[in-house]
2 protein chains.
Amino acid sequence: MDRRATEKDDETSAKERPTLKTLAFMTGLGVTTVSRALKDAPEIGAETRRRVQLVAKQIGYRPNRAGVRLRTGKTNVISLVLNTEHEIMSFVSDIIYGVTEVIADTPYHLIVTPYSRSQDPLDPVRYLVETGSADGVIISRTQPNDPRARYMLERGIPFATHGRTDMGLVHPYHDFDNYAFAGEAVRHLAGMGRRRLALVTPPVGLTYYGHTVNGFADALSEVGASEVPFNTVSIDHTIEQIRMRTAQLMRRDDRPDGIVSSAAAATLAVVAGIEDAGLKLGRDVDVVSKQSSELLHLFRRELLVVNENFRLAGSELARAVLGWIGGADPGSLQSLSTPGEVQAYRG
Amino acid sequence: MDRRATEKDDETSAKERPTLKTLAFMTGLGVTTVSRALKDAPEIGAETRRRVQLVAKQIGYRPNRAGVRLRTGKTNVISLVLNTEHEIMSFVSDIIYGVTEVIADTPYHLIVTPYSRSQDPLDPVRYLVETGSADGVIISRTQPNDPRARYMLERGIPFATHGRTDMGLVHPYHDFDNYAFAGEAVRHLAGMGRRRLALVTPPVGLTYYGHTVNGFADALSEVGASEVPFNTVSIDHTIEQIRMRTAQLMRRDDRPDGIVSSAAAATLAVVAGIEDAGLKLGRDVDVVSKQSSELLHLFRRELLVVNENFRLAGSELARAVLGWIGGADPGSLQSLSTPGEVQAYRG
DNA sequence: TTGGCAATCTGTAACGTTTCAGTATACTGA
DNA sequence: TCAGTATACTGAAACGTTACAGATTGCCAA
């Protein structure tokens with residue numbers, strides 16, 4: 001039993017959210033005109049346009065997302081697809097903050113779409129595309145031959161990858177130059193006289209695993225140092241596993257005198273393992289590690305660090321997706337972040 | 001120039017996403033009947049209902065969110081409102097994972113709504129409510145007299161707070177028992193013979209600041225220990241500030257021999273400060289700290305820790321909001337997480 | 001036979017937006 | 001004068017869903 005009038009509704013009810021109809025009534029124009037005036041369509045008179053926009057601003061008109069979405073299919077949503085088990089901790093918050101920073105003054109919302117180890121990583125992406133839940137997607141844990149990227153490219157939905165692919169397909173990405181990182185790390189250790197180096201790799205299968213391994217290997221031969229294989233762990237392993245295996249490694253006769261680590265959390269475990277083996281950081285072995293927040297130097301001042309800025313990554317990824325949505329050339333929306341120098345502790 | 005037929009559209013186009021109309025055509029029923037059959041309305045014959053649901057499942061029908069939202073106002077969205085500057089790192093990812101875990105098998109999406117230091121914390125909440133962008137909201141950094149909670153209560157939108165309020169108003173929350181934590185920490189330190197204790201507090205103004213301070217004070221008088229005031233920092237301060245001020249504190253004659261810290265990141269800085277002052281953890285001073293991931297024992301094995309599970313918090317908060325949305329009594333959707341025992345390093 | 005009623009099913013309208021296909025008016029050029 | 005056209009505006013329809021107000025059928029009691 002709705003007792004409200006049907007036509008004059010917008011006039012009387014000050015409490016309801018204003019719609020185009022409200023604006024039309026207030027300005028004495030048609031709904032269509034108001035709609036077009038708000039988006040600066042050329043066939044609307046300049047004065048009318050100003051008038052409508054003024055009134056709209058005054059009464060705080062905001063387009064109804066559901067209406068727009070139903071009519072046009074535009075969701076004004078960016079989805080960040082995350083693995084809820086593997087993603088490194090601070091990684092996630094920083095990326096999210098980076099993304100929100102960029103979309104803050106756009107009509108876009110950020111939705112977080114999770115998937116777990118048990119699932120096919122393609123599942124969440126398929127869901128998003130099939131249900132048309134987002135205008136753009138950001139994925140991480142990118143693989144050289146990434147089915148998700150291929151799928152989205154086929155379906156024509158804008159996306160950006162954190163990390164590069166290697167399929168001969170062009171799409172926006174942001175990546176940290178892990179080849180350069182590993183190289184710098186090796187050169188730095190070599191410069192300190194370290195000669196037998198081990199690498200704690202990224203997860204096997206991800207693109208930057210290859211970049212890191214190659215950067216490591218190339219620099220090794222460049223400086224004439226040798227590699228101590230340490231293939232039993234990657235940064236995806238648990239703290240306990242990394243710690244234990246590092247301890248094993250460090251108890252061997254042919255133990256490394258330098259270690260390069262691809263993630264801060266792993267580095268904590270590596271150092272624990274080193275100390276479990278009765279060795280001392282900075283004396284028996286040096287460690288260069290990536291980190292995304294300035295914590296490692298508090299942990300052990302002997303650690304050597306290279307910073308990776310995930311907040312920046314988030315911003316770049318958001319910019320890339322928005323750019324693609326906006327019609328820019330996907331090939332122009334690729335960026336690579338160069339690592340800074342290896343930093344020792346400064347008093 | 002759309003050349004497709006108007007009526008038989010659903011019959012021919014196998015590529016389009018199925019709608020109620022598609023189902024209606026396939027089953028030979030009316031759109032209304034299909035709609036009701038899918039939601040188990042009682043006035044639909046049992047067999048029809050089964051038939052419709054079968055076909056719907058077969059062709060992978062999924063209701064169009066925009067259609068539902070436009071018609072009913074239901075968004076199927078939960079919004080997590082985050083401060084992009086203050087929130088502790090791993091905190092955020094864990095909460096998000098906890099939330100997504102719970103909403104995974106519901107139609108809900110999670111959107112992240114950020115706000116920054118410069119803004120009124122009420123802004124994002126007001127935006128969500130005014131635009132009807134979410135069915136439920138989760139907020140953190142809860143204050144005793146929290147305008148956001150008051151606002152949402154007035155507007156009748158379901159929400160849950162991470163942390164309690166103290167306004168005499170009833171609403172769902174999840175909280176960690178910081179009163180108990182601080183008390184346990186003090187008792188543990190006292191049990192080790194520590195007598196002069198300092199507290200690194202939560203941010204002043206948040207509800208759990210009070211809980212922590214009270215737990216600390218009550219336990220102090222219970223065990224007959226004394227407090228060394230350390231009001232110049234809270235866990236919201238920067239690593240550098242905390243480190244410097246801890247060093248200052250520890251150089252004084254009346255320095256504490258025990259410290260209770262409310263967050264892991266702050267603890268790193270505290271320990272650095274202690275060592276800057278030339279003192280040794282475990283000998284000159286003991287530190288009990290909360291942590292949300294098992295890192296502190298890698299950092300210094302002398303540290304004493306109490307775990308706070310943010311993933312659990314996320315799950316509980318999500319459950320609470322969904323419960324309220326589902327019509328449950330808000331008063332029944334409150335939970336308090338009891339801290340475990342203070343843990344020393346175990347081999 | 002008829003009226004009443006329960007059980008099932010259905011068409012229409014509406015949510016707020018944009019697109020399509022106009023209409024009305026005034027101005028232009030010949 | 002008149003057609004032609006540019007300018008400024010408008011109503012109706014459609015996106016997919018649900019609520020409302022029926023419609024149809026069969027059955028039972030009187």
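Values reported hereafter were calculated over all heavy atoms of this structure, with side chains retained and with hydrogens, waters and symmetry mates removed. Proteins come first, then strands; the chains are lettered A, B, ... in the order of their sequence lines, and each starts at number 1.
Residue B:Gly30 is the one, among B:Gly30 and A:Arg65, whose nearest nucleotide of DNA chain C lies closer to the 5' end (criterion: closest heavy atom).
Nearest to the side chain of A:Arg71, among D:dC9, D:dT18, C:dT17, sits C:dT17. Ranking C:dT10, D:dT18, D:dT10 by closeness to the B:Val68 side chain, first place goes to D:dT18. Comparing C:dG16, D:dT17, C:dT18 by their closest approach to the side chain of A:Leu70 singles out C:dG16. Taking only side-chain atoms of B:Leu29, from C-beta outward, the nucleotide of D:dT18, D:dA13, C:dT10 with the closest atom is C:dT10.
For the pair A:Phe25 CZ and D:dT10 P, the computed distance is 14 Å after rounding to whole Å. Rounded to whole angstrom, the span from the CG atom of B:Asn76 across to the C1' atom of D:dG16 amounts to 14 Å. In this structure, A:Leu23 places its CG atom 13 Å from P of D:dT10, rounding to the nearest Å. One interatomic measurement links the two molecules: CZ of B:Arg36 to P of D:dA21, which rounds to 12 Å at whole-angstrom precision. If you take CG of A:Leu20 and P of C:dC15, they are 13 Å apart, rounded to a whole angstrom. Taking atom CZ of A:Arg62 as the reference point, atom P of C:dC15 lies 22 Å away to the nearest angstrom. Rounded to an integer number of Å, the gap from A:Arg50 CZ to D:dA8 P is 12 Å. Following rounding to the nearest Å, A:Glu16 (CD) and C:dC15 (C1') show an atom-to-atom distance of 12 Å.
Side-chain contact between A:Thr27 and A:Thr48 is absent, with no heavy atoms from C-beta onward closer than 4.5 Å. By the 4.5 Å heavy-atom criterion applied to side chains, B:Leu80 and B:Thr113 are not counted as neighbours. Put simply, the side chain of B:Glu85 does not reach to within 4.5 Å of the side chain of B:Ser118, judged on heavy atoms. Residues A:His109 and A:Ile78 are not in side-chain contact: their nearest non-hydrogen atoms beyond the backbone lie 4.5 Å or more apart.
Between A:Ser35 and the phosphate of C:dT18, there is a side-chain N or O to OP1/OP2 separation shorter than 4.0 Å. For the OP1/OP2 pair of C:dT18 and a distance below 4.0 Å, the side-chain nitrogens and oxygens of A:Lys39 include at least one atom meeting the criterion. Residue A:Thr72 has no polar side-chain atom (N or O) positioned under 4.0 Å from OP1 or OP2 of C:dT17.
The residue A:Thr32 sits close to a base: some heavy atom pair falls under 4.0 Å. At a threshold of 4.0 angstrom between heavy atoms, the contacts of B:Gly67 include nucleobase atoms, whether or not backbone atoms are also involved.
Remark: the B:Thr142 side chain and the B:His162 side chain contain no N/O donor-acceptor pair separated by less than 3.5 Å.
Ion pair A:Glu316/A:Arg319 flagged as a salt bridge, since at least one NZ, NE, NH1 or NH2 atom sits closer than 4.0 Å to an Asp/Glu carboxylate oxygen. A salt bridge is defined here as a Lys NZ or Arg NE, NH1 or NH2 lying under 4.0 Å from an Asp or Glu carboxylate O, and A:Glu130 with A:Arg155 fails to meet this definition.
Here the two rings, on A:His171 and A:Tyr151, have centers that are 6.0 Å apart or farther.
A heavy atom lying under 4.0 Å from DNA chain C marks the following residues of residues 41-49 of chain B, by number: B:Glu43, B:Ile44, B:Gly45, B:Thr48.
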